[in-house]
Amino acid sequence: MQGKPHLTRPLLLGSGLLVLAVLASLAFGAEALSAQQVWHALVAPSGTDADVIVRDLRLPRTELGLLVGASLGVAGALMQTLTRNPLAEPGLFGVSAGAALAVVVGIRLGLAGTVASSVWWALLGAVLATALIFVAASRLGRAGLAPVTLAVLGVAVSAGLAAITSAFVLLDTRTLDGYRFWAVGSLSGRGDGVAGQVLPFLAVGAVLTVLAARDLDHFVLGDDLARGLGVSLTRLRLLGVVAIGVLTAAGVAACGPIAFVGLLTAHAGRVLVGSRHLLLLPLCALLGASALLLADVAGRLVTGNGELQAGVVLGLVGGPLFVALIARRRIAL
Amino acid sequence: MTDTRSRARGQAPTPARAGASTPPTARPARTERHHAGAILAGTVLLVAVFVLSLSVGTTALPLSDVLASLLGGSGGPADFVVRELRLPRAVAGICVGAALAVAGALTQTVTRNPLASPDIIGVTSGASLGAVAVIVFGGSAGGASGAVASVGVPAAAMAGGAIASLLVALVARAGERVVLVGVGVTAMCQSAVTWLLVSGDVTDAGRAATWLAGSLSGRVWTDVAPVVVAIVALTPATWLLTRELAVLVLGDDVATGLGANPSRTRWVALGASTVLAGLATAAAGPVAFVGLCAPALAVRIARVERPPLVLSALVGAVLVSGSDLVARNLFGWLGLGPTELPVGIVTGIIGAVYLVVLLHRRAGRST
């Protein structure tokens, strides 16, 4: 057992990083603002240009980034623990693809115009896809635990679902136009109050995660030991599938399929606190939110006029990191 | 983390060597005969699908008309439909399927990993990135046209595929690693592609999205030519490689002892595979999963340990032409109008289902 200060330090670190990320997200962009201007806008807005930029443009975007990043971070950590696979990630393993397909079907049927209605579709798709991956992994037995098997399974499920999605998208230009902007994974242009609409889902996901946290610590020890310690594996897996589904679905519905947040934060989190889930999961929430916000800020700063969407930044940064993790033999194959 | 990692390391070494786990066949002679029979059956099936895809469509043509047009032309309207519309497309389907399948067979043999295929190890996504960049940046609203489209897209696809393949080969080095490094490279390329789709205007994005789904629609002879040339040119090369590849399966030490040069063989095979996959992707877009499924099916049919090149090519050709036949006519058969689906959607669905079945079967065997 480590001492208490040792355990709270990572959380403080994560919070510090998040505060910096939030400030950067409020201050940087096409128009760089000073810390005073941001403070002024937040505390005593008086209708100056800077106030409008901060309150109407950057604040909603930052809120959304916070919520979605946190939920994706937690979903990634949950998925890695429950599949016992260090490469598990909602974006790479087909959960986002399932949500995307369901949303596109919803749009096609004319039942998923707004974020509020598309969340339900995304939820359906995400939970089904997560369940599919879990069932396949458990049917695969020992081989299903191998990172490479599950990774390929995820790629296969993603590709199959993406094929069906593109069938829907290609048959209708209007759906394509909506879909491509949604699919790129961006925090901007998501309409008013999106953060408020996804908040309830994230709250449900957070509650489910907290309920599962203690059992997850036991689960890490292996099926037999966990059962011996009184963990109901079926209940835990079910809880996990629903939690991952809810968290990913809300994120995907609001911002499009954003990959690598879960993977990167879960790895960083484990390096900092190991597998104590009561610490790890909040830490992943903090790190996930920071990662998404920083990616968004980087995307705003890198390109002069047009923006590089957060999802693209994460893909371009996350891909090489993923490759580096494997090349460095950090992951046993 | 430590627990998870040690657990993962403690288990059986990944399902990578499925080829090695196929039961040993009874007698060589019998295997040979079985293999020859499979090739014959594959050829017959391919010819059947080929003729069928020339005769079936929005205007159904009787077989006699199709044969007449093929053999010299009857002068009727069927000539145009068969020779200018359906023939290039049918030939493209066969060539693309064969090229992808051979590319897959080569990668799988070289890496000794039945999951390695151009679409999993990143070649296809690199090629997609190159092609989409040309489609989006090269053309104004009307889409890329003229020289930019006919030379630029295939060239960019080739270049992108080659860079991705080189990257994966250099970083991964070992066979098992190739798949995961490929997944990373694929993810990287895909996010760049989605960005390109957003930055272009909707017409270009539409063209790029259709291309990305993998379509044989509207292929003319100039699109097909590069793939045909590549297949014809590379067939002797792969033929020469067959013996060396067979030795490679025994492991590097034994192969060197037998006078082979494993590292040269590997690079040549990987190069040939990249050229084939790149050109096929340039002609038809990233037709999903053919490079993965066709060799795996061929292994299963021929009951051998290593993907057989000729049979893989036949299976790939049948898979793509058959899928295109379905994709082209599905909506018509269902009475939903003349809408066509891109062939990649059909192969994608077939491939995903097959892969899950494959993984499931293998798990059943190993536990």
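These values consider heavy atoms only, across backbone and side chains, with no hydrogens, waters or symmetry-generated copies.
- In terms of heavy-atom proximity, Gly184(B) sits nearest to Val323(A) at CA-CG2, 4.0 Å.
- A heavy-atom distance below 4.5 Å is not found between the side chains of Leu314(A) and Ser191(B).
- Residues Ile345(B) and Ile164(A) fail the side-chain proximity criterion, which asks for heavy atoms closer than 4.5 Å.
- Counting heavy-atom pairs closer than 4.5 Å to chain B, the top residue among Pro320(A), Gly160(A), Ala266(A) is Pro320(A).
- Nearest heavy atom pair, residue Ala163(A) against residue Gly348(B), reads CB-CA, 4.3 Å.
- Interatomic distance, Leu316(A) CG to Gln190(B) CD, rounded to the nearest 0.5 Å: 12.0 Å.
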